[in-house]
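Below, read A as the first sequence line, B as the second, and so on, with proteins coming before strands; counting in each chain starts at 1.
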Amino acid sequence: MEETNDLMRQRKEKLNEIREAGIDPYPHQYAPTHTTSGILDAFEDVDETPDETNRVTIAGRIMTKRDHGKSSFAHLQDSTGQIQIYVRRDDVGTDSYKIYRRFDVGDIIGASGIVFRTRTGELTILADAVELLSKSIRPLPEKWHGLQDKQTRYRQRYADLIMNPEVKEVFVMRTQIVQAIRDMLNEQNFIEVETPVLQPIYGGASARPFTTYHNTLDQPLYLRIANELYLKRLIVGGFDRVYEFSRDFRNEGMDRDHNPEFTMLELYLAYADYLEVMELTENLIAQTVEKLHGTTKITYQDQEIDFTPPWRRITMIESIQEYSDFDPDSLSTHELYTKAVNAGVELAGDESKGEIIAELFDIFVESKLIQPTFIYDYPIEVSPFAKKKPENPELVERFEFFISGMEVGNAFSELNDPIDQRQRFMEQASNLAKGDEEAFMVDEDYLRALEYGMPPTGGLGIGIDRLTMLLTDQYSIRDVILFPQMRPEN
RNA sequence: GAGCCGUUAGCUCAGCUGGUAGAGCAUCUGACUUUUAAUCAGGUGGUCACAGGUUCGAUCCCUGUACGGCUCACCA
């Protein structure tokens, strides 16, 4: 049912009046010569005397309008900012001025005129022609407080973007972050590729997938939870450096740093191990921060974060020793389990030592890692695609990095031994059979690829949404995703 | 999934001990040819999220539902 109110009815009446005057309220094109910020830059020296040489044409949305009888001031907003226009009846003509008076805040109009400076010093366009480009029939939020309600801001991002310039700035920065990373990777001879979103077998991470169905093939398909296994197939195929900004989908809960669909950068680098990837990671991110902010020190939620390499490196076991009173090295699995349960850690009882260690890390360490920190050498049980450490087969060459208590990225020396990989898959498959919804299926085709031989390879995944949160000082992932997932309104 | 909080005019928000609702902005009418939260005068605008219950009477108290926020759980 069509939503309506007095304000909208009044605007529709104005729309009809404009049509009856023979004017198309939705014309097909317009040719502005300038942007608002371009004018503010280019005409900085202009004074109070209008000079015909300073003629411009702009287009934008009316954000404020102050009518004064036979003259009027308004601010027009375009994608670059705002500028004031000054419209006088004697300059635009009586008929045109009458139509102009039917314009509302929110309408998109074009204006031609001369740039000058008002008595109060504001650079302004003295308009001699104004033209309706699109009539707005739904009123914008109030100018002073803007749009505050989070629900409306997320559901009607368009209104949020119109009213809140700082929101727009966040999304411009998001694009700049992606662009900066892309530029650096391209410079280092990485190839950007595209791999399937619809996958017959999901893998590369442990998460519940979204399931769909292909009618013609008559088979279920899964929206990818990661693209890892496809990128590594490409390494097998001979692309030595590949990456993809991948929209991934995980059918899990939503909170301040989880959205069901999110963007991950994954990259793979042949002949590298995880230590080389560590170096690449800190440089990639530090340079991105530097490009965006001109420095590698920024403030996130009132805490200073220093991205200057090298970042702190500490093993997972060491971090647990440091941040809790557990020493996994000196305890048996059973002792560790007992102590953890006594400390209030919820465990089912069938966890392996590695799983308990990972759990202890999550509970006692993760939230305390404020400055960029590499946690490395993970238990093998929670890392089915990472290569074992030569000197300790219970650990793998894997790291994650944490900033402001958030996991931002994950990397390892990729497991390229097809026999070992098959065994790890089998363990996962048995977990799946035991009811672990996040274990995954055996990907025979991926194993076949490994059997052809994959070079030693380092891989990395970076959560682009979380990185953007950090670099734009946003508390919630919903504030760095244009259209975050929401329940239906009705 | 759990706990807490919220939902009142287009927007931002008040609303006391239960007595059928207010402000600012926006909007409308009039005045105003350098204003900028323009100003001045006068108006319009409400399913108090939804459904029940208690009560003589409910925006207010109770129950349920929907949506949202925060926290927790889940998410290697």
Side-chain angles (χ1 to χ4, degrees), chain A residues 3-11 13-14 48 50 63-75 82-92 97 104-106 116-122 124 126 136-156 159 163 204-208 225-226 250-260 262 316 346 351 354-355 357-359 361-363 366 375 378-386 396 398 400 406-407 410 412 428 431 436-440 461 463 475-478 484 486-490:
Chain A
E3 179 192 348
T4 191
N5 59 53
D6 276 359
L7 297 176
M8 291 187 66
R9 205 181 55 244
Q10 284 161 354
R11 284 178 177 228
E13 281 165 14
K14 288 180 188 173
E48 296 184 17
M63 296 305 290
T64 63
K65 191 161 178 264
R66 294 174 293 282
D67 290 329
H68 291 247
K70 298 177 188 65
S71 75
S72 171
F73 290 91
H75 276 96
Q82 292 193 3
I83 196 165
Q84 180 170 251
I85 63 169
Y86 182 37
V87 183
R88 291 188 299 207
R89 192 189 65 179
D90 293 350
D91 295 329
V92 299
Y97 192 72
D104 290 301
V105 168
F116 79 115
R117 206 170 280 282
T118 61
R119 268 179 214 159
T120 53
E122 180 166 351
T124 299
L126 180 60
S136 162
I137 60 169
R138 183 179 292 274
L140 287 172
E142 178 229 345
K143 63 191 166 189
W144 191 242
H145 298 90
L147 180 60
Q148 301 292 332
D149 182 67
K150 280 195 174 157
Q151 182 164 187
T152 311
R153 286 186 45 224
Y154 296 148
R155 289 190 193 282
Q156 303 181 32
M163 295 308 298
S206 63
R208 271 143 54 198
I225 58 174
R250 297 185 183 177
N251 208 336
E252 310 276 6
M254 298 156 59
D255 60 26
R256 98 166 175 101
D257 53 8
H258 292 86
N259 193 64
F262 64 101
M316 178 171 272
E346 284 182 33
E351 286 88 355
E355 286 167 331
I357 288 171
E359 183 69 18
F361 172 81
D362 283 350
I363 291 172
E366 179 166 355
I375 299 292
Y378 277 58
I380 190 168
E381 298 94 322
V382 297
S383 315
F385 296 107
V396 294
R398 172 183 180 190
E400 295 186 310
M406 262 193 302
E407 177 200 334
N410 181 22
F412 20 92
Q428 288 290 324
N431 288 341
D436 180 354
E437 288 187 333
E438 283 165 2
F440 38 77
Y475 180 74
S476 167
I477 198 168
R478 293 185 204 85
M486 302 283 276
R487 284 199 167 89
E489 281 178 76
N490 299 313

How does RNA chain B look in dot-bracket notation if pairs are Watson-Crick or G-U with both distances under 3.5 Å, crossing ones as [ ], other-strand ones as |? (((((((..((((.....[..)))).(((((.......))))).....(((((..]....))))))))))))....

So, is Thr118(A) close to the rU35(B) phosphate, meaning a side-chain N or O under 4.0 Å from OP1 or OP2? no

Whole angstroms only, please: what is the CE-C1' distance between Met8(A) and rU44(B)? 18 Å

Is Thr64(A) touching bases, backbone alone, or none of the nucleic acid, heavy atoms closer than 4.0 Å? nothing

Just checking Phe385(A): base, sugar-phosphate only, or nothing, at a heavy-atom cut-off of under 4.0 Å? nothing

At what distance, to the nearest 0.5 angstrom, does CE of Met8(A) lie from CZ of Arg138(A)? 4.0 Å

Counting side-chain heavy atoms from C-beta on, which of rC70(B), rU34(B), rC67(B) comes nearest to Tyr475(A)? rC70(B)

From rU34(B), rC28(B), rA73(B), pick the nucleotide closest to the side chain of Asp104(A)? rC28(B)

Taking Tyr97(A) for its side chain and Ser71(A) for its backbone only, find out whether a donor-acceptor pair lies under 3.5 Å. yes

How many Å lie between CG on Leu140(A) and C1' on rU12(B), as a whole number? 14 Å

At under 4.0 Å, does any side-chain N or O of Lys143(A) touch on OP1 or OP2 of rA26(B)? yes

Arg250(A) side-chain N/O to Ile225(A) backbone N/O, donor-acceptor pair under 3.5 Å: yes

Could you tell me how the ring of Phe73(A) sits relative to the ring of Tyr86(A): parallel (under 30°), tilted (30 to 60°) or perpendicular (over 60°)? parallel

Using OP1 and OP2 only, check whether a side-chain N or O of Arg478(A) sits under 4.0 Å from rC70(B). yes

For the side chain of Gln84(A) and the base of rU35(B), is some donor closer than 3.5 Å to an acceptor across the two? yes

Could you measure between the two C1' atoms, the one in rU44(B) and the one in rG30(B), and give it in whole Å? 15 Å

Whole-Å C1' distance, rU59(B) and rU20(B): 10 Å

Quiz item: Asp6(A) side-chain donor-acceptor pair to rU44(B) base, under 3.5 Å: no

Taken to the nearest 0.5 Å, the spacing of Arg478(A) CZ from Arg256(A) CZ works out to 11.0 Å

Determine: side-chain N/O of Arg155(A) to OP1/OP2 of rG68(B), distance under 4.0 Å, yes or no. yes

Under 4.0 Å, heavy atoms only, any strand: does Pro488(A) hit a base, just the sugar-phosphate, or nothing? sugar-phosphate

Is Lys65(A) touching bases, backbone alone, or none of the nucleic acid, heavy atoms closer than 4.0 Å? nothing

Remember a base hit wins even if backbone is also touched, and classify Asp362(A) as base, sugar-phosphate or nothing at under 4.0 Å, heavy atoms. sugar-phosphate

Would you classify Glu407(A) as touching base, sugar-phosphate or nothing, given that sugar-phosphate means primed atoms plus P, OP1 and OP2, and contacts are heavy atoms under 4.0 Å? nothing

Quick one: Asn410(A) CG to rA76(B) P, roughly how many Å, whole number? 10 Å

Whole angstrom is fine here: how far is it from CZ in Arg89(A) over to C1' in rA31(B)? 14 Å

Looking at every strand, decide which applies to Asp257(A) at a 4.0 Å heavy-atom threshold: base, sugar-phosphate, or nothing. nothing

Output the rounded distance in Å from CG (Leu7(A)) to P (rC28(B)). 8 Å

Once you apply a heavy-atom cut-off of 4.0 Å, does Arg119(A) come out as touching a base, just sugar-phosphate, or nothing? base

Could you give the distance separating rC61(B) and rG1(B) at their C1' atoms, to the nearest angstrom? 29 Å

Walking RNA chain B from its 5' end, the first of Thr124(A) and Asp67(A) to be reached, judged by nearest nucleotide, is Thr124(A)

Does a side-chain N or O from Arg88(A) land closer than 4.0 Å to OP1 or OP2 of rU33(B), or not? no

How long is the line joining CD of Glu346(A) and P of rC74(B), in whole Å? 7 Å

Do the side chains of Lys14(A) and Ile137(A) get nearer than 4.5 Å, heavy atoms only? no

Mind checking the CZ-CD1 spacing from Arg398(A) to Ile375(A)? Nearest 0.5 Å is all I need. 11.5 Å

Round to a whole Å and report the spacing from CD of Gln151(A) to C1' of rC70(B). 15 Å

What's Phe361(A) touching, base or sugar-phosphate or nothing? Going by heavy atoms closer than 4.0 Å. nothing

Rounded to whole Å, the NZ-P distance (Lys150(A) to rC70(B)) equals 5 Å

Does a nitrogen or oxygen in the side chain of Arg487(A) sit under 4.0 Å from OP1 or OP2 of rG68(B)? yes

Base, sugar-phosphate, or nothing for Met163(A), non-hydrogen atoms under 4.0 angstrom? nothing

Would you find a donor on one side and an acceptor on the other, under 3.5 Å apart, between the side chain of Ser383(A) and the backbone of Pro379(A)? yes

